[in-house]
**Q** 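A single structure is presented below for examination.
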2 protein chains.
Amino acid sequence: MTDSADRAIIAHLRRDGRATVAQIAADVSLSPAAVSRRLARLERSGVIRGYTAIIDDTRVGGLEAFIEIRMLGAVDAEQLADLARGIPQILEFYNVAGDPDLLVRLRVDDREELAGVVNQLRRTGLIAGTKTLIVLNSWIRT
Amino acid sequence: MTDSADRAIIAHLRRDGRATVAQIAADVSLSPAAVSRRLARLERSGVIRGYTAIIDDTRVGGLEAFIEIRMLGAVDAEQLADLARGIPQILEFYNVAGDPDLLVRLRVDDREELAGVVNQLRRTGLIAGTKTLIVLNSWIRT
DNA sequence: CTTGAAAATCGTTCCAC
DNA sequence: GTGGAACGATTTTCAAG
């Protein structure tokens, strides 16, 4: 379903999500028409879930944080994944092997909003504990 | 430096990093020309650090992980930030307030490559310990 | 899969406000 | 700062091999 050409296209778009079809085509040695068709297929099939701008959150006034979550024994990760979807501040949700069980990345306007998200999570009654990591500085490979 | 129009443009590009200038312009009630100028400024000034495709990693064979890092006392986070830049598997680097001190997100092809990255970090002699979280499942808000 | 070309859309630049 | 028009580039779709 995804051959090496697809993976090359994906790698290119990972580095530059706004790369033009012509740029990608030159990189992977295919015609622009072929790349256009493959892109449409990768997007339709869900391998490419979307595109996003990488923002320097420290410069637009917000607050970025991670929350580690330990689940109660009988709880399914899917339940918390769905709950987290309903919290708009949560941008990314990871179910991980290790301790903690879950890791979420979020963006809020200020500390009060952060406190609200943490409380919202704890009030679900599905989690044993949380640990919040506030981002002071970061870089993302472009 | 960033007014409400800029923030609207950023919000749009966060949702859809490949949105056309025309689409953004319609959304924020500006002309395409104005959006184009603002975009160039936001990219030049570093508020927009880049663009990337959001990939469903479970469908392209790789392995995604987070590594929590605790630094030794006398070490500066900048040193480790620079070191991490030299490890191509590391995609994102976060200096956080809390325990751990650092959090990195990475992508590798297999467990051996993951072990190599962990060893590479430990061998720097700058860190007191690591904890690796392997991503089993995830979602990202589009 | 490819090439080539047409048609539609898009981005940037320039100019006037 | 803004919008409108013009121009060049890009994407997509088509036909044909």
Side-chain angles (χ1 to χ4, degrees), chain A residues 1-62 91 107 109-110 139-142, chain B residues 1-62 91-92 107 109 139-142:
Chain A
M1 207 65 178
T2 64
D3 59 8
S4 74
D6 283 343
R7 283 191 292 274
I9 292 170
I10 289 170
H12 195 111
L13 282 170
R14 231 195 263 274
R15 287 193 305 275
D16 179 9
R18 266 180 104 80
T20 66
V21 171
Q23 288 170 335
I24 301 169
D27 187 29
V28 305
S29 301
L30 281 180
S31 69
V35 172
S36 184
R37 265 177 279 122
R38 282 167 178 271
L39 254 185
R41 181 172 49 77
L42 289 168
E43 290 169 357
R44 254 188 302 103
S45 69
V47 175
I48 296 177
R49 295 200 273 205
Y51 304 90
T52 191
I54 303 166
I55 304 301
D56 186 345
D57 288 295
T58 66
R59 299 183 53 179
V60 358
L91 303 177
R107 240 186 63 79
D109 287 338
D110 49 39
W139 60 253
I140 293 180
R141 201 177 294 282
T142 51
Chain B
M1 207 66 176
T2 61
D3 60 7
S4 74
D6 283 342
R7 283 190 292 274
I9 291 171
I10 289 169
H12 195 110
L13 281 170
R14 232 195 262 275
R15 287 193 306 274
D16 179 10
R18 261 180 108 80
T20 66
V21 170
Q23 288 170 335
I24 301 169
D27 186 29
V28 304
S29 300
L30 281 178
S31 71
V35 172
S36 183
R37 279 190 298 267
R38 283 168 177 269
L39 253 185
R41 181 172 49 77
L42 289 168
E43 290 170 357
R44 253 188 305 104
S45 70
V47 175
I48 296 178
R49 296 201 272 204
Y51 304 89
T52 191
I54 303 167
I55 304 301
D56 186 346
D57 288 295
T58 66
R59 297 182 53 180
V60 37
L91 304 176
E92 303 174 12
R107 242 186 62 79
D109 287 337
W139 59 252
I140 293 180
R141 200 178 295 281
T142 51

**Q** In whole angstrom, give the distance that lies between atom CD of B:Glu43 and atom C1' of C:dG11.
**A**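 After rounding, the gap between these two atoms is 12 Å.
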
**Q** Taking the side chain as every heavy atom from C-beta outward, state whether B:Arg18 and A:Leu13 have any atom pair closer than 4.5 Å.
**A**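 Counting from C-beta outward, B:Arg18 and A:Leu13 do come under 4.5 Å.
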
**Q** Quick one, which residues of residues 2-20 of chain B touch DNA chain D with a heavy atom under 4.0 Å?
**A**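 Result for residues 2-20 of chain B: none.
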
**Q** Give the rounded distance in Å between these two atoms: CD of A:Gln23 and P of C:dC10.
**A**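 The distance from CD of A:Gln23 to P of C:dC10 comes to 18 Å, rounded to the nearest Å.
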
**Q** Less than 4.5 Å apart, any side-chain heavy atom of B:His12 and any of B:Val35?
**A**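 Not in contact.
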
**Q** OP1 or OP2 of D:dT2 less than 4.0 angstrom from a side-chain nitrogen or oxygen of B:Arg38, does that happen here?
**A**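 Affirmative; the distance criterion is met.
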
**Q** Within the structure provided, determine whether A:Arg38 and A:Ile24 are in side-chain contact (heavy-atom separation under 4.5 Å).
**A**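 A side-chain contact under 4.5 Å is absent here.
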
**Q** Which atoms form the tightest heavy-atom contact between A:Thr2 and A:Arg7, and what is the distance?
**A**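 Reported closest heavy-atom pair: O-NH1, 3.1 Å.
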
**Q** Between A:Thr52 and B:Arg14 (side chain of the first, backbone of the second, donor and acceptor by atom type, cut-off under 3.5 Å), is there such a pair?
**A**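 Judged by distance alone, yes, a pair lies under 3.5 Å.
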
**Q** Dump the pairs, protein N or O against N or O of nucleotides 12-14 of chain C, anything under 3.5 Å, distances to one decimal.
**A**
from: C:dT12; atom 1: OP2; to: B:Ser36; atom 2: OG; distance (Å): 2.6

**Q** Would you say that A:Leu39 contacts A:Ile48 through its side chain, given a criterion of any heavy-atom pair below 4.5 Å between the two side chains?
**A**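 A:Leu39 reaches A:Ile48 side chain to side chain.
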
**Q** For a quick test of reading the model, state the closest non-hydrogen atom pair linking B:Trp139 to A:Arg49 and the distance between them.
**A**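 Nearest pair, atom of B:Trp139 first, then A:Arg49: CA-NH1, 4.1 Å.
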
**Q** Test A:Ile54 against B:Glu92 for side chain to side chain contact (heavy atoms under 4.5 Å, CB included), laying out the working first.
**A** CA-CA 11 Å; A:Ile54 303 166; B:Glu92 303 174 12; over 6 Å; no

